[in-house]
Amino acid sequence: MILHQWKDFSTDAESYTQEHFEKQVGDTFEAMCFEDNQDIPNFIWTKHYVVVIKPNTRMIKDVSFVKVPRNPSLN
């Protein structure tokens, strides 16, 4: 399901609001994608990036963000 409004999500280590996410990624939120019955999004689109949410599960549930440019230049 793709949402065009921010939906807060949490891990065991941190809670993510739109403001906190935008500050951490350094870009403006546009949309997010959740798979069925998941509390954490798989992808978040910002103005300049597609952010892949990678789960990091060891002792606690946590995530990392991988920023992929939406329109990479061909320099």
Side-chain angles (χ1 to χ4, degrees):
M1 156 177 54
I2 296 178
L3 303 175
H4 294 278
Q5 290 186 315
W6 181 266
K7 178 181 175 185
D8 291 346
F9 62 96
S10 298
T11 65
D12 291 340
E14 214 164 338
S15 293
Y16 294 94
T17 62
Q18 182 175 347
E19 180 181 310
H20 181 245
F21 172 81
E22 289 177 343
K23 185 176 181 181
Q24 187 171 359
V25 173
D27 205 2
T28 306
F29 166 81
E30 288 191 347
M32 59 195 332
C33 177
F34 285 87
E35 284 190 15
D36 294 337
N37 301 320
Q38 295 295 317
D39 296 330
I40 297 175
N42 299 82
F43 302 98
I44 298 176
W45 287 269
T46 66
K47 185 173 182 178
H48 297 101
Y49 299 100
V50 175
V51 181
V52 180
I53 313 300
K54 296 183 82 174
N56 298 329
T57 305
R58 289 190 181 101
M59 297 295 278
I60 61 172
K61 181 173 76 172
D62 197 15
V63 295
S64 61
F65 300 132
V66 178
K67 295 185 337 183
V68 179
R70 286 177 73 169
N71 299 308
S73 64
L74 301 175
N75 293 335

**Q** Which atoms form the tightest heavy-atom contact between Cys33 and Trp45, and what is the distance?
**A** CB-CZ3, 3.7 Å
**Q** Which residue pairs pass the salt bridge (charged side-chain N to carboxylate O under 4.0 Å, His left out) test with at least one member in residues 30-43, sequence neighbours excluded?
**A** Glu30-Arg70
**Q** Got a sec, which residues hit side chain to side chain contact (heavy atoms under 4.5 Å, CB included) with Val52, two or more places apart in sequence or on another chain?
**A** Phe43, Lys54, Val66, Val68
**Q** Check whether any side-chain heavy atom of Tyr16 sits under 4.5 Å from a side-chain heavy atom of Ser10, and report yes or no.
**A**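 Result no, sub-4.5 Å side-chain heavy-atom pair not found.
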**Q** With sequence neighbours left out, write down each residue that passes side-chain hydrogen bond (donor to acceptor under 3.5 Å, both in side chains) with Trp6, or none if nothing qualifies.
**A** Asp8
**Q** Is it the case that one hydrophobic cluster holds both Met32 and Met1, taking links as side-chain heavy atoms less than 4.5 Å apart, direct or via other members?
**A**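 Per the 4.5 Å side-chain linkage, Met32 and Met1 are co-clustered.
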**Q** Heavy atoms, side chains only, cut-off 4.5 Å: are Ile53 and Val63 in contact?
**A**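 Yes, at least one pair of side-chain atoms sits under 4.5 Å.
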**Q** Could you pull out the closest heavy-atom pair between Phe34 and Pro41, with the gap in Å?
**A**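 It is CE2-N, 3.4 Å.
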**Q** Spell out, yes or no, whether Val51 and Leu3 are grouped together once hydrophobic residues are joined by side-chain heavy atoms under 4.5 Å, including indirect joins.
**A** yes
**Q** Side-chain donor-acceptor contacts of residues 18-29 below 3.5 Å, not counting sequence neighbours, with atom names and distances?
**A**
unit_1, atom_1, unit_2, atom_2, d
Gln18, NE2, Glu22, OE2, 3.1
His20, NE2, Glu14, OE2, 2.9
Glu22, OE2, Phe29, N, 2.9
Asp27, OD1, His48, ND1, 3.2
Asp27, OD2, Thr46, OG1, 2.8
Asp27, OD2, His48, N, 2.7
Asp27, OD2, His48, ND1, 3.4

